[in-house]
Number of protein chains: 2
Amino acid sequence: MRISISDVAAKAGTSISTVSKVLSNAQGYRVSEATARRVRKAVRELNYRPSITARQLRFQRTDTIGIVVPLLTTPFYVDIIRGIQEVMWENGRTVILGISDEDSVLEQRHLTMALQRRVDGLIVAPARNNENANLYDELKDAGIPFVFVDRCLPDYEANYVGTDNREGAYRATRHLLAQGARSICYIGGRGGITALVERFSGYQKALEEKGIEVDPSLVGGGIPEEIDQAVRRFVAVRPRVEGAFMASYFYLQAALPALIEAGIRVPADLPMVGFDSVFFSLSDETDYETTRAITAPLPTVIQPRYEIGRKATEILLADLSQGGTEMFRQIRLTPQYERIDPDGQ
Amino acid sequence: MRISISDVAAKAGTSISTVSKVLSNAQGYRVSEATARRVRKAVRELNYRPSITARQLRFQRTDTIGIVVPLLTTPFYVDIIRGIQEVMWENGRTVILGISDEDSVLEQRHLTMALQRRVDGLIVAPARNNENANLYDELKDAGIPFVFVDRCLPDYEANYVGTDNREGAYRATRHLLAQGARSICYIGGRGGITALVERFSGYQKALEEKGIEVDPSLVGGGIPEEIDQAVRRFVAVRPRVEGAFMASYFYLQAALPALIEAGIRVPADLPMVGFDSVFFSLSDETDYETTRAITAPLPTVIQPRYEIGRKATEILLADLSQGGTEMFRQIRLTPQYERIDPDGQ
DNA sequence: TGATTTTGCGAAATCGTTTTTACAATTATA
DNA sequence: TATAATTGTAAAAACGATTTCGCAAAATCA
């Protein structure tokens with residue numbers, strides 16, 4: 001029962017092409033003011049809105065981009081999405097959203113779905129341990145532009161917008177060093193996605209600058225169980241670990257219970273720095289216990305989430321308008337620091 | 001450069017109608033096995049996928065629904081969306097998402113956008129202080145089914161799925177009464193959206209059952225500044241308030257700073273119950289301070305968020321398949337309780 | 001007044017599907 | 001062997017828009 005352009009034409013007593021011309025009100029068309037008025041009146045009275053679907057078919061573009069993120073339960077990706085939405089709005093476009101749940105297979109399903117919907121382009125934060133490189137190759141072949149945000153596949157050439165992870169991790173580690181810590185553990189893994197590789201590299205750089213060799217037995221990561229075990233090993237080490245670098249909220253959250261169990265409060269007993277916030281619900285028993293072991297707001301590297309979203313969208317739109325450039329852009333935005341002196345030491 | 005059905009037809013040496021028939025492989029059609037094989041081969045080799053856009057135009061339905069929620073910064077709506085997505089997946093449909101930021105105008109923009117995209121239906125958690133009733137009337141007139149989740153416009157007839165707010169608030173208030181509290185403040189407002197009206201009503205019911213009249217001077221709500229002022233009044237009251245009912249995380253979050261400033265720890269110094277969790281970032285100075293004033297996990301009413309999403313979608317899909325029923329369904333799901341004895345006293 | 005330009009509008013093609021209808025060619029029936 | 005029924009395929013219409021092109025009517029010019 002939806003009204004179409006022909007209903008408007010009928011009511012205005014004109015042809016559909018005339019209606020279209022009035023509505024697009026481009027310069028080249030010649031429509032008399034009297035007719036235009038009739039058309040506009042009919043449009044108003046019928047409350048007519050052109051079908052985007054028909055437009056899409058005609059123009060061969062959907063003015064829609066697909067977003068796939070691993071999760072929404074922290075504000076991190078929510079803010080990135082907000083940035084994306086904002087720019088898309090400004091350009092009269094829309095967004096469809098998929099949540100991969102850190103699962104490579106689900107990610108693929110979302111991407112295929114989006115492609116079937118003929119999205120113009122994609123913005124993706126790939127799941128950890130990603131195995132979709134061939135899928136992204138297909139996108140390149142098909143000429144569908146996409147931009148990775150926050151994370152990128154290792155050794156993979158593509159558009160990317162994220163934080164300057166190496167720099168952030170470097171500064172954060174220096175913060176620990178400045179407090180006199182020398183044996184500093186790294187919890188975060190070193191592969192799967194580039195962000196972690198880069199953070200490890202920043203950690204390493206800061207240590208080596210001080211002539212400290214990275215101790216492999218102080219590096220841990222993986223799934224929560226592995227992290228838990230790694231932390232148990234670290235706290236048993238003698239002499240005791242003097243600082244901890246947590247590569248993200250994910251690792252921090254997984255590591256805290258083991259620390260608490262060992263009676264270690266942070267940052268009082270163990271200086272600690274992290275990337276981005278970790279969130280606690282104070283209705284949750286476990287979370288409540290955990291917060292008790294935290295003695296002061298944690299120093300943290302703050303990622304420019306909103307800006308990452310905006311920048312990624314701008315790159316995508318640029319690619320779109322230029323019909324897919326062959327040049328890939330890799331952009332690392334400068335992080336901010338909370339309770340870390342970035343120029344410290 | 002995307003390949004269409006006619007490319008397949010050309011490659012298979014047949015007509016596009018034959019290709020379509022092979023692909024839809026419905027029973028009624030008669031296509032020889034030899035032709036079908038040729039077509040399938042061509043489809044495989046060209047990696048052809050039918051254009052959803054063209055299908056949409058043909059079928060006059062998009063297999064898409066629009067979701068509009070006020071915010072995504074708490075897990076509440078995220079979980080509802082997860083429930084919606086799940087059911088939509090199972091039915092091979094997609095979702096487009098808008099965030100209204102608690103702004104009636106933005107909500108309207110999102111809804112209009114969704115309509116222009118010709119979504120089949122809508123699931124909406126309306127913004128507080130909503131002024132879009134006429135817009136929703138238009139939806140009814142246009143025969144576009146929609147379901148409210150969590151919140152509903154006051155005195156407005158429409159599909160609705162949410163928590164049994166009155167019951168939840170009733171039980172929560174009884175919990176405070178069971179602890180001996182008699183003068184209990186209510187922070188949450190009483191209008192704008194039905195959830196709050198119902199929660200106030202449950203609070204009132206529990207009090208009146210004990211022969212306690214609601215004291216209007218102990219009721220506060222509104223924007224964060226008003227809440228802050230209300231709390232300051234409450235804590236100054238003598239004899240001192242003995243319990244606090246917080247209508248949602250929003251009010252809890254807004255109220256805590258004033259409580260802390262007054263040196264009141266919760267629930268130790270002031271028994272408190274709330275609806276759903278409040279989240280804190282322990283990298284945030286303010287949040288950190290706030291958590292120090294909380295002496296134990298807070299008792300809370302837990303809303304069945306995931307189920308709300310599922311149920312709402314089921315109702316919408318039912319409406320959709322029946323071509324829009326005239327009967328509106330109002331469903332209130334039973335909440336769960338954390339640290340509240342629901343049968344208490 | 002007759003020829004030419006301008007103006008206003010509509011018919012038709014197009015985008016990629018699905019589905020109905022029509023039409024051959026083949027097979028079965030009388 | 002005609003005729004009827006069946007089978008395989010293609011042509012065409014429809015969905016709702018945009019845009020090119022052509023054709024009248026009106027306006028301008030000679």
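So you know, we letter chains A, B, ... as the sequences are listed, proteins then strands, and number each from 1.
Note: A:Tyr160 and A:Phe328 fail the aromatic proximity criterion, with ring centroids not under 6.0 Å apart.
Applying side chain to side chain contact (heavy atoms under 4.5 Å, CB included) to B:Leu106 and the options B:Asp101, B:Val68, B:Leu111 leaves one that passes, B:Asp101.
With contacts defined as side-chain heavy-atom distances shorter than 4.5 Å, the pair B:Arg310/B:Tyr306 qualifies. Side-chain contact between A:Ile67 and A:Val124: absent, with no pair of heavy atoms (C-beta onward) separated by less than 4.5 Å.
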remark   = The contact string for nucleotides 17-28 of chain D, one letter per nucleotide 5' to 3', using protein heavy atoms under 4.0 Å with B, S and - for base, sugar-phosphate only and none, comes out as BBBB--------
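Geometric assessment of A:Arg55 against the ring of A:Phe59 yields a negative cation-pi assignment under the 6.0 Å and 45° thresholds. Remark: B:Lys311 fails to qualify as a cation-pi partner of B:Phe148 under the 6.0 Å distance and 45° angle criteria applied to the six-membered ring.
Within the structure, a side-chain polar atom (N or O) of A:Ser32 is placed less than 4.0 Å from OP1 or OP2 of C:dC9. OP1 and OP2 of C:dT18 both lie 4.0 Å or more from every side-chain N or O belonging to B:Gln60.
Note on B:Thr53: nothing from the nucleic acid sits closer than 4.0 angstrom, heavy atoms only.
The interatomic distance linking B:Gln56 (CD) with C:dG16 (P) rounds to 15 Å, in whole Å. We find that CG of B:Leu57 is positioned 8 Å from C1' of C:dT17, with the value rounded to whole Å. Protein atom CG of B:Asp7 is 11 Å distant from nucleotide atom P of C:dC15, rounded to whole Å. For the pair B:Glu33 CD and D:dT9 P, the computed distance is 11 Å after rounding to whole Å.
Annotation: side-chain hydrogen bond (donor to acceptor under 3.5 Å, both in side chains) contacts involving residues 120-131 of chain B, sequence neighbours excluded, comprise B:Thr62-B:Asp120, B:Glu102-B:Arg128, B:Glu107-B:Asn130.
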query = Can A:Thr94 and B:Arg117 be said to form a side-chain contact (heavy atoms from CB on, under 4.5 Å), step by step?
reply = CA-CA 9 Å; A:Thr94 357; B:Arg117 302 233 142 214; 2.5 Å; yes
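Axis deviation across the helix from C:dT1-D:dA30 to C:dA30-D:dT1 amounts to 70°, comparing end segments of five pairs, rounded to 10 degrees.
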